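Structure, as structure tokens:
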2 protein chains.
Amino acid sequence: MNTLSYGLLSLLSHHSLSGYDLMLRIQPFWPAKHSQIYPLLAFMEKEEQVTFELIAQSDKPDKKVYSITDKGIDSLREWLSVPASDPVMRDELMLKAYCVSFVDPAISRKLFVSRLEHYQTKLQRYREKIRTVLSSEGLTESDTPGYRSPLFGAYILLNKALLTCRTNIEWCEWVLSVIPEAE
Amino acid sequence: MNTLSYGLLSLLSHHSLSGYDLMLRIQPFWPAKHSQIYPLLAFMEKEEQVTFELIAQSDKPDKKVYSITDKGIDSLREWLSVPASDPVMRDELMLKAYCVSFVDPAISRKLFVSRLEHYQTKLQRYREKIRTVLSSEGLTESDTPGYRSPLFGAYILLNKALLTCRTNIEWCEWVLSVIPEAE
DNA sequence: ACCTGCATGTAAAAGGTTACATGATTTA
DNA sequence: TAAATCATGTAACCTTTTACATGCAGGT
């Protein structure tokens with residue numbers, strides 16, 4: 001049971017999901033490929049942290065829908081009561097930023113322009129997401145789901161994503177303002 | 001030559017450094033242990049991206065001080081002209097945040113309080129760092145190093161670190177304000 | 001016809017962490 | 001006296017990515 005497996009339990013604590021859906025949903029918080037998820041789920045099932053039900057589908061391939069067990073909920077509670085380990089961030093742009101002076105400003109600008117676009121696209125997606133999540137429970141954008149609401153976790157995470165995106169956009173724009181257009 | 005090796009070249013483009021120093025300096029941007037750095041440096045030396053000089057020390061252990069070669073500078077320029085890959089962030093707290101409703105608010109609060117303290121400590125360190133970096137070239141806090149200044153990279157990175165720290169502090173404080181003190 | 005999405009899996013390779021190994025000096 | 005810092009290295013282990021493998025449905 002590593003961090004990723006607790007992440008899967010965390011997602012399953014709200015809804016039952018297929019391995020494929022789990023893979024898609026965990027991306028923003030803990031990037032992982034299906035090749036990592038599927039064997040982990042098999043292991044977690046053996047450990048009785050999750051169970052699955054085979055769902056036959058006619059239009060799409062059949063799927064295994066996983067649910068958290070009572071034992072899984074216990075694991076989750078225990079995991080929540082120990083402090084979270086430090087975040088790990090690896091960003092190639094930070095390594096490049098340190099030595100941008102070695103190339104022409106036009107080349108440097110491209111790096112930050114494409115990153116800026118990346119964050120602008122993400123911001124759009126998060127904005128839409130927060131609307132759909134809130135409206136799913138009949139809430140508007142000025143409402144805050146209460147602590148015991150099943151939406152609470154998603155809500156605070158989406159707020160974090162929005163704040164982070166905006167900060168990154170701000171930084172990219174500032175960097176572009178201090179790199180000359182040409183020399 | 002993977003991303004970490006370019007990161008080492010990036011650091012070496014400014015100063016010659018020992019493996020130990022490289023390990024310490026790359027931490028904020030691309031966490032890596034010495035056990036990963038030393039074999040990589042040996043490989044990079046074989047590839048003629050770097051050279052090293054054995055420096056005997058009396059008070060401390062002897063060290064290998066690495067320098068970037070002309071071939072290394074060429075690699076760096078080429079690497080800078082291709083777009084940076086997407087950043088990868090893995091934060092256990094994000095996984096926990098999604099299911100905090102499963103435990104008592106007091107337990108949840110602890111998670112965010114300790115993370116808040118973590119970022120406050122980091123903010124202090126970055127504030128000191130930016131002062132020492134700027135004053136090393138006789139600049140004050142209102143000055144911005146020019147694009148071709150050897151300080152430019154460090155300066156934009158420290159600004160990013162400050163912005164990110166402040167955003168994270170803001171978010172932790174907000175989360176603590178929406179988690180009840182007790183139920 | 002070809003690509004994308006849905007859906008599951010395995011195998012090999014690369015990347016990263018922890019542990020083992022050594023040893024002097026300084027600080028608590 | 002115990003721990004931390006400086007300094008380098010290897011070996012074992014775990015995590016993550018890439019590639020291999022299959023197959024149907026729907027859109028361009």
Side-chain angles (χ1 to χ4, degrees), chain A residues 1-9 11-12 15-47 50-66 85-92 95, chain B residues 1-9 11-12 15-47 50-66 85-92 95:
Chain A
M1 289 289 286
N2 54 20
T3 308
L4 177 55
S5 55
Y6 284 106
L8 297 174
L9 283 186
L11 290 177
L12 291 174
H15 324 275
S16 295
L17 292 164
S18 67
Y20 189 81
D21 282 337
L22 282 165
M23 183 267 291
L24 293 178
R25 295 213 190 194
I26 207 158
Q27 295 307 317
F29 313 114
W30 199 277
K33 314 281 174 183
H34 71 273
S35 54
Q36 200 180 1
I37 307 272
Y38 292 131
L40 244 195
L41 285 169
F43 172 79
M44 289 163 74
E45 197 259 348
K46 210 172 61 190
E47 296 282 305
V50 296
T51 47
F52 70 88
E53 206 187 340
L54 238 164
I55 304 292
Q57 296 183 120
S58 48
D59 52 333
K60 297 178 205 171
D62 298 352
K63 61 180 175 181
K64 290 180 179 177
V65 172
Y66 286 88
S85 50
D86 290 348
V88 171
M89 164 73 135
R90 287 200 175 90
D91 186 352
E92 201 178 10
L95 301 175
Chain B
M1 290 288 286
N2 53 21
T3 308
L4 176 56
S5 55
Y6 284 105
L8 297 174
L9 283 186
L11 289 177
L12 291 174
H15 326 276
S16 294
L17 291 165
S18 68
Y20 189 81
D21 281 338
L22 282 164
M23 182 268 291
L24 293 178
R25 295 214 190 194
I26 207 157
Q27 295 307 316
F29 314 113
W30 198 277
K33 314 282 173 182
H34 71 273
S35 54
Q36 200 180 1
I37 307 271
Y38 291 132
L40 242 195
L41 285 169
F43 171 79
M44 288 163 75
E45 197 260 348
K46 209 172 63 191
E47 296 282 304
V50 296
T51 47
F52 71 87
E53 205 187 343
L54 238 163
I55 304 291
Q57 295 183 119
S58 49
D59 52 333
K60 299 179 202 169
D62 298 352
K63 61 181 175 182
K64 289 180 179 176
V65 172
Y66 286 87
S85 49
D86 289 348
V88 171
M89 164 74 134
R90 286 199 176 89
D91 187 352
E92 201 178 10
L95 301 175

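FYI, side chains are in, hydrogens and waters are out, and symmetry mates aren't considered; it's all heavy atoms of this structure. Model, not experiment: these values are computed from the prediction. Note on naming: letters A, B, ... go to the chains in the order of the sequence lines (proteins, then strands), and numbering restarts at 1 for each one.
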**Item:** Student check: side-chain heavy atoms of A/L8 and A/V50 closer than 4.5 Å
**Value:** no

**Asked** Less than 4.5 Å apart, any side-chain heavy atom of A/D21 and any of A/L11?
**Response** no

**Complete:** For A/H15, the ring-ring contact (aromatic ring centres under 6.0 Å, His included) test, sequence neighbours excluded, returns none

**Asked** Of all nucleotides in DNA chain D with an atom under 4.0 Å from a non-hydrogen atom of chain B, which is the first and which the last going 5' to 3'?
**Response** D/dT5 to D/dT17

**Message:** Taking CZ in A/R90 as the centre, count heavy atoms belonging to other residues, nucleotides or ligands within less than 6.0 Å. Is the count above 12?
**Reply:** yes

**Complete:** Computed from five pairs at either end and rounded to 10 degrees, the angle between the axes of the helix from C/dA1-D/dT28 to C/dA28-D/dT1 is 40°

Dump every N/O contact between nucleotides 14-16 of chain C and the protein below 3.5 Å, one line per pair.
{"unit_1": "C/dG16", "atom_1": "OP2", "unit_2": "B/Q36", "atom_2": "NE2", "d": "2.8"}
{"unit_1": "C/dG16", "atom_1": "O5'", "unit_2": "B/Q36", "atom_2": "NE2", "d": "3.4"}
{"unit_1": "C/dG16", "atom_1": "O3'", "unit_2": "A/R90", "atom_2": "NH2", "d": "3.3"}

**Prompt:** Once you round it to whole Å, what is the distance between C1' of C/dG5 and CG of A/L24?
**Reply:** 10 Å

**Asked** Can any side-chain N or O of B/E92 pair as donor or acceptor with the backbone N or O of A/P87 at less than 3.5 Å?
**Response** no

**Item:** d(CZ, A/R25; P, C/dA7) in whole Å
**Value:** 12 Å

**Request:** List in chain and number order the residues that pass ring-ring contact (aromatic ring centres under 6.0 Å, His included) with A/Y6, two or more places apart in sequence or in another chain; answer none if no residue qualifies.
**Result:** A/W79

**Item:** Nearest heavy atoms of A/V88 and B/P31, plus distance in Å
**Value:** CG1-CG, 3.9 Å

**Complete:** Each nucleotide of nucleotides 21-28 of chain C classed B (base within 4.0 Å of a protein heavy atom), S (only sugar-phosphate) or -, in 5' to 3' order, makes --B-S---

**Nearest-nucleotide comparison on DNA chain C, the residue closer to the 5′ end among A/V88 and A/G19** = A/G19

**Request:** Might you point out which heavy atoms bring A/L12 and A/L17 nearest each other, and give the distance in Å?
**Result:** CD2-N, 3.6 Å

**Test item: A/K63 and A/Y20 side chains (from C-beta on) under 4.5 Å apart, heavy atoms** = no

**Asked** Does atom CD of B/E53 have more than 12 heavy-atom neighbours, drawn from other residues, nucleotides or ligands, at distances under 6.0 Å?
**Response** no

**Request:** Evaluate side chain to side chain contact (heavy atoms under 4.5 Å, CB included) for A/L95 paired with B/L9, printing each intermediate quantity in order.
**Result:** CA-CA 9 Å; A/L95 301 175; B/L9 283 186; over 6 Å; no

